[in-house]
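The structure under discussion appears below in the form of structure tokens.
Letters A, B, ... are given to chains in the order of the sequence lines, protein chains preceding strands, and every chain is numbered from 1.
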Amino acid sequence: MSTPYNPETVELAAQKHWTDARSFEVGEDPDKDKYYCLTMFPYPSGKLHMGHVRVFTINDVIARYHRLQGMHVLQPMGWDAFGMPAENAAIKRGVPPAKWTYSNIADMRSQFKRLGYAYDWTREITTCKPEYYRWEQWLFTKMFKKGLVYRKNSVVNWDPVDQTVLANEQVIDGRGWRSDALVERREIPQWFMKITAYADELLDELDRMPGWPDSVKTMQRNWIGRSEGVELSFDVVDEVEPLTVYTTRPDTLMGVTYMAVAAEHPLASKSAATNPDIATFIQECRQTDAQEATLETMEKKGMALGISAIHPLTGEEVPLWVANFVLMSYGTGAVMAVPGHDARDWEFAKKHDLPIRQVIAPTDGTEIDIEEAVYLERGVLVNSGDYNGLDFDGAFNAIADHFEKTGRGSRKVNYRLRDWGVSRQRYWGTPIPIIYCDECDAVPVPEDQLPVVLPEHVEVKGCGSPLKDMPEFVNAPCPKCGKDARRETDTFDTFVESSWYFARYACPDSDDAMLDDRTKYWTPVDQYTGGIEHAILHLLYSRFFQRVMRDEGLTDVSEPFTNLLTQGMVLKDGAKMSKAKGNTVDPAELIEKYGADTVRLFMMFAAPPEQALEWSDEGVQGSFRFLKRFWSAVVGHAGTGPAGDVDVNVLNDSQKDLRRKTHQTIAKIGDDIGRRRSFNTAVAAAMELLNAINKLADGSEAGRAVEREALEAVVVMLSPMVPHICHALWQELGHESALIDQRWPDVDENALALDLVEMVVQVNGKLRGRISVAVDAAKDAIEADALADENVQRFISGNDVRKVIVVPGRLVNIVV
RNA sequence: GCCCGGGUGGCGGAAUUGGUAGACGCAACGGACUUAAAAUCCGUUAUCCGAAAGGGUGUGCGGGUUCAAGUCCCGCCCCGGGCACCA
């Protein structure tokens, strides 16, 4: 009587073995090939959700696969512990954010352990601990000295009722989430990091990153948005200061029929002083949140200011407007408008009855009607005086030269990428290490006074940071002159913590440097796995920080992540699982019912990793059923005693077939996991092989030997996905040493050899028959066989055979 | 609005470099076992016509390239992710 599959017993025993043997704790071993395999660390929300299970399982499969390939694998885990949810919980329940966070971490850690991930827990990082964040404070002060950080005004969402700054997420339909008040744009001084100083490097290196998906690289390229254009100035009637604008289409300059400035622009304020309608309009423009999507989709509004600018080429006067879609903080706060050749300008001109002038014509001479449709292509200049007949490049250069000669403008490379604003007006984050002194202005906290520790015992009320009300935190002597001064109470954007944690895992306990020599061994990360939603911000900030650390002499590595896998979301009923929708599935319940292996297997089998995964309770049961079949197949086989080695000379055809299938499957699963990251097809291949083993049911000595070889291969190959059951079955097969220390099986090329191959015969591309031919058959012989097929004959009779295409080993297409 | 993905049976998906559309699994149906149910095992299953052999249609929609298109090109529709303070 064989033992039935009991997931809990099997899983706890396997986990105990790994813990006792410290299987996943790794040191630096220069004789071995290292493989650093990392997932984006989680925010400790307190409860594990299916998205976590998916991403961590994907990464665990890759980590365990590389270990089977003989590599020295590091897979660490930690906590992105600062952030808004802790403050929200504090407001709601009165628990201090630190206490809430630490208790969540403890809960989640034990849930992760139950899933059997191969983590080196000795390297755990928690970003809200001073030992961690002191080093980003340190780096910030270094950047300050290099001029890589600076302070300037920038816009925030201001809730006028709660008197507080809101995150974009807290703005719902333009209103504050708690107060329901209309949100306003407000400018306040904030700290910025000069990511634009690295824009070219961040852009150029994308061309040399074959391990990243093209989609992510394209998104980052577009985000950086390098453009070559001309910055030029328009004089303004009765003003001393000219208006400076940037354009990537200087060839359309003769088509400028109006200009627009931001509501906050000094020229707009000047008009508002004498015109109450304009004052009202400007006030309205402020009544919107600070999101780009809002700006791009809202109704484009504007008003004429009654001021004119002078066209720099024609001397003609063009009217100046104030518009809600121009922002003061981007570029110069002013734009030139070419309604004939810019979609937004065209619509705006139509709406406000502004003139539209065609200055570009299609190269092929086609006539267009500029009043009917905007023309966006590059073409030939018309209605442009001396520049008529020039193409884009000719006009660009001629006009740029003209401005450079007259000193009225110059060629300029521009980026869509803006510097990174890191100030947050929140409590639960890393304190920005700055002291404000009336004499010395903003002074960075000296190295020997770091870290600036965030007080953990506080009461969070919901309007503004509690730090502001703590004199023991705020009051500090100026590090330069010693006079009474005040600490910065803003904290860092939590993206700062996640921009360097991957390097710190190499040396989490280093207390005299941000990174030490161990980083040289482990970095860069070989495989990074995380959500596609981080394709731009987190990944770009991390690439930036890696370079800042490099230039600080902390590492030689420029790119932090060699290979990137972006996984899709977990959906239920077609929508993202969320508490609000009430469509969540609790992993803990499923683990209790079926075990961790079943949950892991379903996650890997249900969809390819990059795609969204539709949750299915039935599918989970199917995975459980497969594991039961797998268990009884191996236990059943082992129960009939040991099997000998395969003797290839005594195998009959069906034994040879199973052996071929075994070695085909070893090759396929290795390729699926190692190269394609196609875990769903890897599982399917293992299922097919198990089906074939069960079908053979051959009790002879040779049959049992072939079955044993196949079963051992399946146990090893499925172990990255379902490590616990495989650990137990490996023992069941009589092995003394643990599965975790095994190697991936080798493919026996001889077993793959085949005498006959089936080919498909098409007539005019339609399937009409199948023929079986020798693998090394000549083309002529294949052709003759194909033409001889009875059904094929029916379709070609009475027609001339015009052409025959033979694709070796695949098909024959007869064209009649 | 802009940038990036996706759309294939009743469902999740497979088809790796333009070469047999639907692997593997779920569900459903039929059968075996059972007093019965569950579990397990065997079989059928894109769709339409046909007793069968076989044939027609079919990868979101409309066009195109090719001996051959789920795959490449052009134009649409719908769904998802990101848009700089959710992480």
Mind checking if [X] touches a base, just sugar-phosphate, or nothing, with heavy atoms under 4.0 Å?
| X | result |
| --- | --- |
| Thr681(A) | sugar-phosphate |
| Val807(A) | base |
| Arg629(A) | sugar-phosphate |
| Val165(A) | base |
| Asn691(A) | sugar-phosphate |
| Glu347(A) | nothing |
| Gln425(A) | base |
| Phe605(A) | base |
| Phe41(A) | nothing |
| Trp420(A) | nothing |
| Arg344(A) | nothing |
| Asp671(A) | base |
| Lys668(A) | base |
| Glu688(A) | sugar-phosphate |

Derivation and outcome, salt bridge (Lys or Arg N to Asp or Glu O under 4.0 Å), residues Lys661(A) and Glu688(A) | CA-CA 9 Å; Lys661(A) 182 86 182 166; Glu688(A) 273 189 63; 2.9 Å; yes

For atom [atom1] of [X] and atom [atom2] of [N], their distance in whole Å:
| X | N | atom1 | atom2 | answer |
| --- | --- | --- | --- | --- |
| Met721(A) | C24(B) | CE | P | 17 Å |
| Leu202(A) | A84(B) | CG | P | 19 Å |
| Leu539(A) | C83(B) | CG | P | 13 Å |
| Leu767(A) | G56(B) | CG | C1' | 14 Å |
| Gln621(A) | C26(B) | CD | P | 10 Å |
| Lys766(A) | A69(B) | NZ | C1' | 14 Å |
| Asn764(A) | A69(B) | CG | P | 11 Å |

If you pin Ser678(A) and Met687(A) to their nearest nucleotides in RNA chain B, which one's is more 5'?
->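 Mapping each residue to its closest nucleotide by heavy atoms, the 5'-most match is Ser678(A).
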
Residue closer to the 5' end of RNA chain B, His534(A) versus Gly622(A) (nearest nucleotide) |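 The 5'-side residue here is Gly622(A).
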
Separation between the [atom1] atoms of [N] and [M], rounded to whole Å:
| N | M | atom1 | value |
| --- | --- | --- | --- |
| A46(B) | A15(B) | C1' | 15 Å |
| C67(B) | G13(B) | P | 35 Å |
| G18(B) | C73(B) | C1' | 13 Å |
| G25(B) | A14(B) | P | 15 Å |
| C4(B) | G43(B) | P | 48 Å |
| G70(B) | G62(B) | P | 14 Å |
| G63(B) | G12(B) | P | 27 Å |

For [X] and [Y], which I'm curious about, is there any donor-acceptor pair between the side chains at under 3.5 Å?
| X | Y | answer |
| --- | --- | --- |
| Trp212(A) | Tyr528(A) | no |
| Ser179(A) | Asp159(A) | yes |
| Gln611(A) | Gln567(A) | no |
| Asn157(A) | Asn168(A) | yes |
| Trp177(A) | Glu169(A) | no |

Options [options], nucleotide nearest the side-chain atoms of [X]:
| X | options | result |
| --- | --- | --- |
| Asp80(A) | U20(B), A87(B), G1(B) | A87(B) |
| Leu811(A) | U20(B), C83(B), C67(B) | U20(B) |
| Leu537(A) | C3(B), G19(B), A87(B) | A87(B) |
| Pro608(A) | C67(B), A14(B), C86(B) | A14(B) |
| Val760(A) | U20(B), A87(B), C86(B) | U20(B) |
| Gln611(A) | A84(B), G13(B), G55(B) | G13(B) |
| Glu169(A) | C86(B), A84(B), C3(B) | C86(B) |
| Ile805(A) | C26(B), C3(B), C67(B) | C67(B) |
| Phe795(A) | G55(B), A21(B), C3(B) | G55(B) |
| Arg768(A) | G56(B), A87(B), C3(B) | G56(B) |

Take Arg416(A) and Glu292(A) through the salt bridge (Lys or Arg N to Asp or Glu O under 4.0 Å) test and state the conclusion after the steps.
-> CA-CA 12 Å; Arg416(A) 208 188 72 95; Glu292(A) 186 181 294; 3.7 Å; yes

Please tell me if [X] has a side-chain N or O lying less than 4.0 Å from either OP1 or OP2 of [N].
| X | N | value |
| --- | --- | --- |
| Lys695(A) | C41(B) | no |
| Arg625(A) | C26(B) | yes |
| Thr494(A) | A87(B) | yes |
| Asn680(A) | A14(B) | yes |

Mutual orientation of the aromatic rings belonging to Tyr133(A) and Phe82(A) [parallel < 30°, tilted 30-60°, perpendicular > 60°] =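 Judged by the thresholds at 30° and 60°, the geometry between Tyr133(A) and Phe82(A) is tilted.
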
Any idea how Phe544(A) and Trp420(A) line up, ring-wise: parallel (<30°), tilted (30 to 60°), or perpendicular (>60°)?
->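 Phe544(A) and Trp420(A): perpendicular rings.
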
Can you tell me the Watson-Crick or wobble partner of [N], both distances under 3.5 angstrom?
| N | answer |
| --- | --- |
| C29(B) | G43(B) |
| C76(B) | G60(B) |
| G1(B) | C83(B) |
| G70(B) | none |

Let me see the working for Lys668(A) and Asp671(A) under salt bridge (Lys or Arg N to Asp or Glu O under 4.0 Å), right down to the final yes or no.
-> CA-CA 5 Å; Lys668(A) 167 146 180 76; Asp671(A) 188 48; over 6 Å; no

How should the glycosidic conformation of G9(B) be described, syn or anti, under the criterion that syn lies within 90° of 0?
->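 It is syn.
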
